[in-house]
Amino acid sequence: MQQCYGGIIRRQRHFISCLGGDHRKTLLSVTRMQSVMNPTLEADALSILRSISPTLDSTKHKGQAGKIAVVGGCREYTGAPYFSAISALKIGADLSHVICTRDAAPVIKSYSPELIVHPLLEESYSVRDEDRKSVGTLVLAEVDKWMERFDCLVIGPGLGRDPFLLDCVSDIMKHARRSNVPMVIDGDGLFLVTNRLDLVSGYPLAVLTPNVNEYKRLVQKVLNCEVNDQDGPQQLLSLANSIGGVTILRKGQSDYISDGKEVRSVSILGSPRRCGGQGDILSGSVAVFLAWARQLVGKEGPTINPAMLGCIAGSALMRKAASLAFEDKKRSTLTSDIIEYLGRSLEDICPVR
Ligand SMILES: NC(=O)C1=CN([C@@H]2O[C@H](COP(=O)(O)OP(=O)(O)OC[C@H]3O[C@@H](n4cnc5c(N)ncnc54)[C@H](O)[C@@H]3O)[C@@H](O)[C@H]2O)[C@@H](O)CC1
Ligand SMILES: Nc1ncnc2c1ncn2[C@@H]1O[C@H](COP(=O)(O)OP(=O)(O)OP(=O)(O)O)[C@@H](O)[C@H]1O
Ligand SMILES: [Mg+2]
């Protein structure tokens with residue numbers, strides 16, 4: 001235990017020194033200092049990634065490096081939850097679950113024996129109107145059994161937009177929030193949240209990862225205006241602030257991240273290929289790094305936002321892996337190729353000692 005704690009302190013010191021700070025300052029003052037020292041918004045993403053990644057040693061037991069659950073996967077989409085969940089494992093989480101519809105489960109299981117797949121969700125077509133209430137209660141009870149064990153949920157990859165299913169997922173999110181489980185919300189999870197802001201509003205452990213379209217819908221709904229690229233960072237800050245300090249990672253040519261207090265960017269070279277599924281890799285990555293950052297920050301007190309660190313590290317890793325995959329595969333680069341480069345990217349940035 002002492003050894004583990006010593007490791008944490010060492011990593012915190014490394015983290016602080018990476019940001020050019022004094023070991024005695026709190027982690028909060030460190031990020032503030034970085035803003036002062038670095039006049040641009042660009043985060044020192046590689047240093048942050050290194051600092052929050054846990055060491056690998058023989059004292060650890062299964063589960064300590066993170067247990068992630070992806071809530072997503074329906075009749076149409078089975079790839080997205082798989083990409084997100086397998087990315088979490090490849091980055092270093094110990095266990096990765098997928099909570100999906102009954103129809104999607106055998107398909108997702110067939111992609112990989114590494115994932116723990118729960119066929120718990122139902123879409124309207126498979127439930128009679130009079131059974132909806134009881135089925136909804138059952139779904140929540142089943143998910144509840146697992147909730148306390150998860151270090152982070154990813155809500156939305158390939159979830160679909162069935163109203164009954166989204167009602168069940170709203171209940172899962174309410175429960176996760178009561179249990180203080182962090183949530184990364186992506187894809188159809190963002191469709192849900194844009195229409196039900198109360199699900200995340202004021203919850204600091206919520207991370208939204210919108211793409212171009214999802215961001216546009218959020219801005220229209222919350223700020224009641226159009227996306228303003230002239231003043232992008234300021235608008236992102238206002239958006240995060242208006243949703244009560246959730247963290248938003250706006251994906252694009254550069255990724256911009258804000259928790260309503262500060263804005264950071266990650267512009268590490270990515271890939272010019274825009275094949276579907278890269279956002280799913282990102283959601284699984286952010287979930288793992290957020291869980292790790294939370295472990296680290298927890299020891300120091302609530303002085304730094306682990307959601308910001310998780311987003312910065314996840315974005316950096318995803319972009320680096322995409323660039324390596326593109327170097328190799330060029331025009332034929334697919335999401336599965338990028339996943340294959342997650343390990344090498346991590347090793348380049350943060351080698352196992
Ligand atoms: N293999 C799979 O199963 C995949 C499933 N996905 C899932 O598909 C569902 C819908 O996600 P979408 O990303 O399509 O939803 P969006 O609302 O982003 O996209 C809807 C439409 O907008 C278009 N669009 C997307 N990005 C755009 C851009 N940058 N500029 C202009 N138009 C753009 C798309 O072509 C699509 O027709 C989600 O559940 C998502 O997780 C995606 O993650 C991709 C991979
Ligand atoms: N123009 C770009 N240049 C470099 N990287 C980009 C660019 N656009 C997006 N990315 C990167 O690709 C990743 C996925 O972003 P994207 O906007 O494709 O998400 P998405 O549409 O949600 O993906 P998905 O198909 O999984 O739903 C992000 O990490 C982002 O940094
Ligand atoms: Mg997406």
Side-chain angles (χ1 to χ4, degrees), residues 42-43 45 49 70-87 91 98-101 103-104 107-108 110-111 121 123 154-162 165-166 169 184-195 207-221 227 229 232 248-257 264-287 289 310-327 333-339 341-342 345:
E42 191 68 10
L49 191 160
V70 177
V71 181
C74 63
R75 241 189 341 183
E76 284 89 356
Y77 307 121
T78 55
Y82 165 76
F83 292 144
S84 180
I86 201 74
S87 299
I91 290 164
V98 176
I99 297 171
C100 59
T101 66
D103 290 346
V107 181
I108 298 170
S110 77
Y111 298 151
L121 304 177
E123 290 181 80
V154 182
I155 309 275
L159 189 61
R161 296 182 183 180
D162 179 78
L165 182 135
L166 293 185
V169 173
V184 177
I185 295 141
D186 188 44
D188 295 315
L190 288 169
F191 171 80
L192 168 62
V193 158
T194 304
N195 297 310
V207 173
L208 315 186
T209 55
N211 66 15
V212 176
N213 293 329
E214 292 152 350
Y215 187 72
K216 189 170 166 206
R217 289 193 287 260
L218 262 176
V219 167
Q220 286 168 340
K221 180 73 181 211
V227 173
D229 279 321
I248 303 176
L249 192 172
R250 179 188 180 188
K251 297 178 284 194
Q253 197 168 356
S254 288
D255 290 341
Y256 284 90
I257 301 149
R264 287 275 172 257
S265 62
V266 178
S267 314
I268 289 169
L269 183 68
S271 156
R273 271 285 279 145
R274 301 267 60 82
C275 55
Q278 298 182 61
D280 304 318
I281 301 181
L282 181 74
S283 66
S285 313
V286 171
F289 286 116
C311 286
I312 291 168
S315 166
L317 182 68
M318 162 59 211
R319 295 173 74 99
K320 164 115 180 134
S323 86
L324 290 179
F326 183 74
E327 239 173 69
T333 307
L334 297 182
T335 295
S336 349
D337 300 316
I338 300 175
I339 290 172
Y341 275 98
L342 287 173
S345 304

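Remember, it's a predicted structure, so these values are computed and weren't measured experimentally. The first residue in the sequence is number 1, and the count goes up from there. Counting starts at 1 for both ligands and their atoms, following the listed order.
Of the protein's non-hydrogen atoms, the one nearest atom 17 (O) of ligand 2 is Asn211 CB, 3.6 Å. If you check which protein heavy atom lies closest to atom 30 (C) of ligand 2, you get Asp255 OD1, 3.4 Å. The shortest contact between atom 15 (O) of ligand 2 and any protein heavy atom is with Lys251 CD, 3.6 Å. Considering only non-hydrogen protein atoms, atom 44 (C) of ligand 1 sits nearest to Gly277 N, 3.6 Å. At the shortest separation from atom 38 (C) of ligand 1 among protein heavy atoms lies Asp188 OD2, 3.4 Å. Closest protein heavy atom to atom 26 (O) of ligand 2: Gly279 N, 2.8 Å. Among all non-hydrogen protein atoms, the one lying nearest atom 15 (O) of ligand 1 is Glu214 OE2, 4.3 Å. Regarding atom 10 (C) of ligand 1, its nearest protein heavy-atom neighbour is Tyr77 OH, 3.9 Å. Looking only at protein heavy atoms, the nearest one to atom 11 (C) of ligand 2 is Arg274 NH2, 3.8 Å. The protein non-hydrogen atom at the shortest distance from atom 1 (N) of ligand 2 is Gln253 CA, 3.5 Å. When only non-hydrogen protein atoms are considered, atom 24 (P) of ligand 2 lies nearest to Gly277 N, 3.4 Å. Of all protein heavy atoms, the one closest to atom 22 (O) of ligand 1 is Asn213 ND2, 2.7 Å.
Put simply, the side chain of Val286 reaches to within 4.5 Å of the side chain of Leu249, judged on heavy atoms. Using a 4.5 Å heavy-atom threshold, the side chains of Leu192 and Asp188 count as separate. Proximity of Phe289 to Leu49: side-chain heavy atoms (C-beta onward) are separated by under 4.5 Å at one or more points. Residues Arg250 and Val227 are in side-chain contact: their nearest non-hydrogen atoms beyond the backbone lie under 4.5 Å apart.
Heavy-atom contacts of Asp280 reach the following atoms of ligand 2: 26 (O) (cutoff under 4.0 Å). Atoms of ligand 1 found under 4.0 Å from any heavy atom of Asp280 (numbered from 1 in listed order, with element): 41 (O), 42 (C), 43 (O), 44 (C), 45 (C). Each of the atoms 13 (O), 18 (O) of ligand 1 lies under 4.0 Å from some heavy atom of Asn211. For ligand 2 and Met318, the ligand atoms under 4.0 Å from any heavy atom of the residue are 29 (O). Applying the 4.0 Å criterion to heavy atoms of Gly276 picks out, from ligand 2, the atoms 25 (O). Annotation for ligand 1: atoms under 4.0 Å from non-hydrogen atoms of Gly156 are 39 (O). Every atom of ligand 1 with a heavy atom of Pro157 under 4.0 Å away is listed here by number and element: 41 (O). Counting atoms of ligand 1 from 1 in the listed order, those under 4.0 Å from a heavy atom of Leu159 are 39 (O). Annotation for ligand 1: atoms under 4.0 Å from non-hydrogen atoms of Val212 are 29 (N).
The closest approach between Gly187 and ligand 2 stays at or above 4.0 Å for every heavy atom of the residue.
Distance screen at 4.0 Å: atom 32 (N) of ligand 1 has a protein heavy-atom neighbour inside the cut-off. Remark: atom 36 (C) of ligand 1 lies closer than 4.0 Å to no protein heavy atom. Protein heavy atoms are found less than 4.0 angstrom from atom 8 (O) of ligand 1. Distances from atom 24 (N) of ligand 1 to the protein include at least one heavy-atom value under 4.0 Å.
Partner Val154 forms a side-chain contact (heavy atoms from CB on, under 4.5 Å) with one of Ser84, Ser87, Pro81, Ser285 and no other, that one being Ser84.
In terms of heavy-atom proximity, Ser271 sits nearest to Phe326 at OG-CB, 3.8 Å. Gly252 and Arg319 get closest at one heavy-atom pair: O-NH1, 3.2 Å. Of all non-hydrogen atoms in Gln278 and Ala322, the two that sit nearest each other are OE1-CB, 4.1 Å.
Of all the heavy atoms of Arg217, the ones lying under 4.0 Å from any atom of ligand 1 belong exclusively to the side chain.
The heavy atom nearest to atom 41 (O) of ligand 1, out of those in Ser84, Pro81, Gly158, Cys275, is found in Gly158.
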Residue pair Glu42, Ser265: steps toward the side-chain hydrogen bond (donor to acceptor under 3.5 Å, both in side chains) verdict: CA-CA 5 Å; Glu42 191 68 10; Ser265 62; 2.7 Å; yes
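Taking OG1 of Thr209 as the reference point, atom CD1 of Ile257 lies at 11.0 Å (rounded to 0.5 Å). For the atom pair CE (Met318) and OG (Ser283), the distance works out to 10.5 Å, reported to the nearest 0.5 Å. Here the CD1 atom belonging to Ile86 is positioned 12.0 Å from the OH atom belonging to Tyr111, to the nearest 0.5 angstrom. Rounded to the nearest 0.5 Å, atoms SG (Cys74) and CZ (Arg161) are 10.5 Å apart. One distance of note links OG1 of Thr101 with CG of Leu121; it measures 7.0 Å at 0.5 Å rounding. Annotation: the span from Leu159 atom CG to Phe191 atom CZ amounts to 10.5 Å, rounded to 0.5 Å.
Between Lys251 and Asp186, at least one side-chain N (NZ, or NE/NH1/NH2) sits under 4.0 Å from a carboxylate O, which counts as a salt bridge.
Residue Phe83 has no nitrogen or oxygen atom sitting less than 3.5 Å from a nitrogen or oxygen atom of ligand 1, judged on distance alone. The shortest N or O to N or O distance between Arg319 and ligand 2 is below 3.5 Å. At least one N or O atom of Ala80, backbone or side chain, sits closer than 3.5 Å to an N or O atom of ligand 1.
Under a 3.5 Å cut-off, the side chain of Asn211 and the backbone N or O of Glu214 do form a donor-acceptor pair. Checked by atom type and distance alone, the side chain of Arg264 never pairs as donor or acceptor with a backbone atom of Ala43 at under 3.5 Å.
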